[in-house]
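Written out below as structure tokens is the structure these notes cover.
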Amino acid sequence: MHTRRQVLRGGLGLFTLGSIGGLAKAGGGGQRCPFQGAGGAPRLQDAPLKSSRPLAATSFDPEPRIIEGFPVRSWFEGDDYNNGLDFPFHTSQNDFPGGEPPEPTETVDVVVAGGGLSGMTAAHLLRQYNPVVFEVNPRFGGNARGGVLHGAEYTLGSAYVIAPDPGSFLDSLYQDLGLPDVARVDDQPAPVEINGKINPDIWAGMGVPPEDIPAYEAYRQLVIRMAEDTYPDVPFANQWERDLDLLSFKQHIEQEVGLPIPVPLQAAIQAYCYSSFVAGWEEISATSGWNFLAAEEFGRWVFPGGNAWIADALWRKLRTLDQTDPDHAPHLRGGCPVVDVRVRPDGMVHVTWKNPDGEFRALLARRVILACPKHICRQIIHQLRERDEEKYETTYLQT
Ligand SMILES: Cc1cc2nc3c(=O)[nH]c(=O)nc-3n(C[C@H](O)[C@H](O)[C@H](O)COP(=O)(O)OP(=O)(O)OC[C@H]3O[C@@H](n4cnc5c(N)ncnc54)[C@H](O)[C@@H]3O)c2cc1C
């Protein structure tokens with residue numbers, strides 16, 4: 001298995017918009033179906049499907065579109081945003097009757113609100129406390145959910161992780177989850193599908209107007225320089241890192257590229273920043289931006305179904321809590337939005353959620369981890385606006 005800096009190279013495959021991972025070479029081996037038989041790990045179709053699994057076949061597509069030999073679903077399978085008015089990840093409903101939450105019927109040590117990678121990782125690390133995890137979506141995984149088409153797993157959101165440093169916390173977590181058995185190191189240019197046509201290496205100029213190529217090339221060189229020569233590493237101890245921190249990511253990129261940034265490249269960087277930081281390139285500092293983005297050049301681990309494989313591995317681990325602590329089963333409560341969190345005078349936290357049948361329920365927890373987006377937290381923390389207006393005002397969703 002390659003590690004981070006061993007695979008340091010100039011490929012800018014990080015913006016694999018609509019990429020079809022099956023075309024990339026597997027570890028340089030050139031297979032067309034890189035995940036078949038990988039490491040002997042259990043394949044999805046071998047395991048019983050459960051409705052709340054992050055990586056699961058939701059329905060069979062009898063007539064997939066075939067693009068260059070690959071079946072592609074003929075319908076959209078992501079979240080339905082209903083003309084921008086209805087955000088399934090971002091709604092909260094603390095409109096319980098009479099304005100008072102129901103009486104708690106359970107007491108647990110730890111509650112996690114949000115069943116994405118953050119929430120499930122936190123629950124896994126705190127598994128000795130038998131945590132209960134609430135997820136508004138029927139399926140766990142958040143932005144790391146996936147699907148299966150004709151036996152091939154694919155991601156609906158995040159696709160890869162940065163290869164961990166040997167001996168680091170992430171290294172041991174990934175080993176614990178069995179990830180090295182199935183990880184494929186993505187060190188090749190990523191093919192990008194645009195309008196039904198596969199562009200094997202968009203960063204070499206394919207699909208880009210000729211006049212824009214110098215700006216793309218300057219950006220490519222800048223990314224390589226930031227990764228190889230001036231990588232800002234946490235905790236940003238050097239003066240040059242602190243100076244860089246005074247610039248926005250946008251300012252630094254524009255300054256160093258020295259050419260107008262083509263609109264598609266701006267959009268790609270912006271999409272990357274929003275999906276990674278929930279903030280734009282004009283909002284985050286250059287130090288933070290490069291710490292995240294340049295690390296992509298240290299090598300990426302890709303899994304069947306992208307990061308949904310990680311979410312699924314966490315989900316499978318957490319499912320076993322129902323055996324170790326049957327009193328509080330199910331520990332993974334899908335389709336159950338947390339709607340209100342309030343600390344009682346005795347220090348216990350009163351947590352209210354809505355069951356899939358619409359009924360409000362409550363429990364007491366010693367500790368609560370809010371692993372849902374910050375603009376949801378501002379709604380469900382009881383009286384946050386009255387008690388801390390500054391925090392309330394700064395945790396909005398930018399649209
Ligand atoms: C399209 C896309 C591509 C990406 N690609 C990559 C990538 O390749 N590599 C990478 O490292 N990162 C990538 N990212 C970023 C990565 O997906 C996220 O950083 C990560 O998944 C965030 O995990 P999370 O658990 O913090 O948040 P989320 O995944 O947002 O999870 C939060 C969960 O909270 C739930 N929730 C919300 N409100 C409530 C409530 N009231 N009660 C209970 N549950 C609630 C939500 O339904 C959700 O499941 C990508 C992001 C996107 C959007």
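Counting starts at 1 for both ligands and their atoms, following the listed order.
Of the polar atoms of Val136, at least one N or O is found under 3.5 Å from an N or O of ligand 1, judged by distance alone. Taking only nitrogen or oxygen atoms, main chain and side chain alike, Leu117 reaches within less than 3.5 Å of ligand 1. Between Val338 and ligand 1, an N or O atom pair is found at a separation short of 3.5 Å. Between Ala159 and ligand 1, at least one N/O pair is under 3.5 Å apart. The shortest N or O to N or O distance between Asn137 and ligand 1 is not below 3.5 Å.
The backbone N or O of Glu217 sits nowhere less than 3.5 Å from a side-chain atom of Arg220 that would complete a donor-acceptor pair.
Looking only at atom types and distance, the side chain of His331 has a donor-acceptor partner in the side chain of Asp325 under 3.5 Å away. No donor-acceptor contact under 3.5 angstrom links the side chains of Ser158 and Asn143, judged on distance only. Side-chain contact, Asn307 with Trp309: no donor N or O sits under 3.5 Å from an acceptor N or O.
For ligand 1 and Pro337, the ligand atoms under 4.0 Å from any heavy atom of the residue are 42 (N). Residue-ligand proximity, Cys372 to ligand 1, at heavy-atom distances under 4.0 Å covers atoms 34 (O), 36 (N), 37 (C), 38 (N), 39 (C), 45 (C). Every atom of ligand 1 with a heavy atom of Ile376 under 4.0 Å away is listed here by number and element: 38 (N), 41 (N). Interface atoms of ligand 1 facing Phe134, defined by a heavy-atom separation under 4.0 Å, are 43 (C), 44 (N). Proximity to Gly157 (heavy-atom distance under 4.0 Å) selects the following atoms of ligand 1: 3 (C). Numbered from 1 in the order shown, with element, the atoms of ligand 1 that lie under 4.0 Å from a heavy atom of Pro373 read 37 (C). Using a 4.0 Å cut-off to heavy atoms of Gly142, the atoms of ligand 1 that qualify are 29 (O), 48 (C), 49 (O). Shown in contact with Ala371 at under 4.0 Å from a heavy atom are these atoms of ligand 1, numbered in order with element: 32 (C), 34 (O).
With contacts defined as side-chain heavy-atom distances shorter than 4.5 Å, the pair Ile269/Tyr219 qualifies. Between Glu256 and Arg225, some side-chain heavy-atom pair lies under the 4.5 Å cut-off. No side-chain heavy atom of Glu135 sits under 4.5 Å from any side-chain heavy atom of Leu332. Taking the side chain as every heavy atom from C-beta outward, Val351 and Asp340 never approach each other to under 4.5 Å.
The aromatic rings of Phe292 and Tyr272 sit perpendicular to each other, their planes meeting at more than 60°, with 30° as the lower class boundary. The aromatic rings of Trp353 and Phe134 are tilted relative to each other, their planes meeting at an angle between 30° and 60°.
Comparing His375, Met120, Glu135 by heavy-atom distance to atom 48 (C) of ligand 1, the nearest is Glu135. Between atom 10 (C) of ligand 1 and the options Tyr160, Trp301, Tyr272, the minimum heavy-atom separation is to Tyr160. The residue from Ser275, Ser118, Cys336, Gly116 that puts a heavy atom closest to atom 19 (O) of ligand 1 is Ser275. Remark: among candidates Ser158, Gly334, Pro138, the nearest residue to atom 17 (O) of ligand 1 is Ser158, based on non-hydrogen atoms.
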Query - Pair Arg53-Glu153, salt bridge (charged side-chain N to carboxylate O under 4.0 Å, His left out): steps then yes or no - result: CA-CA 13 Å; Arg53 282 189 78 156; Glu153 300 90 348; over 6 Å; no
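Heavy atoms of Asn307 approach ligand 1 to within less than 4.0 angstrom.
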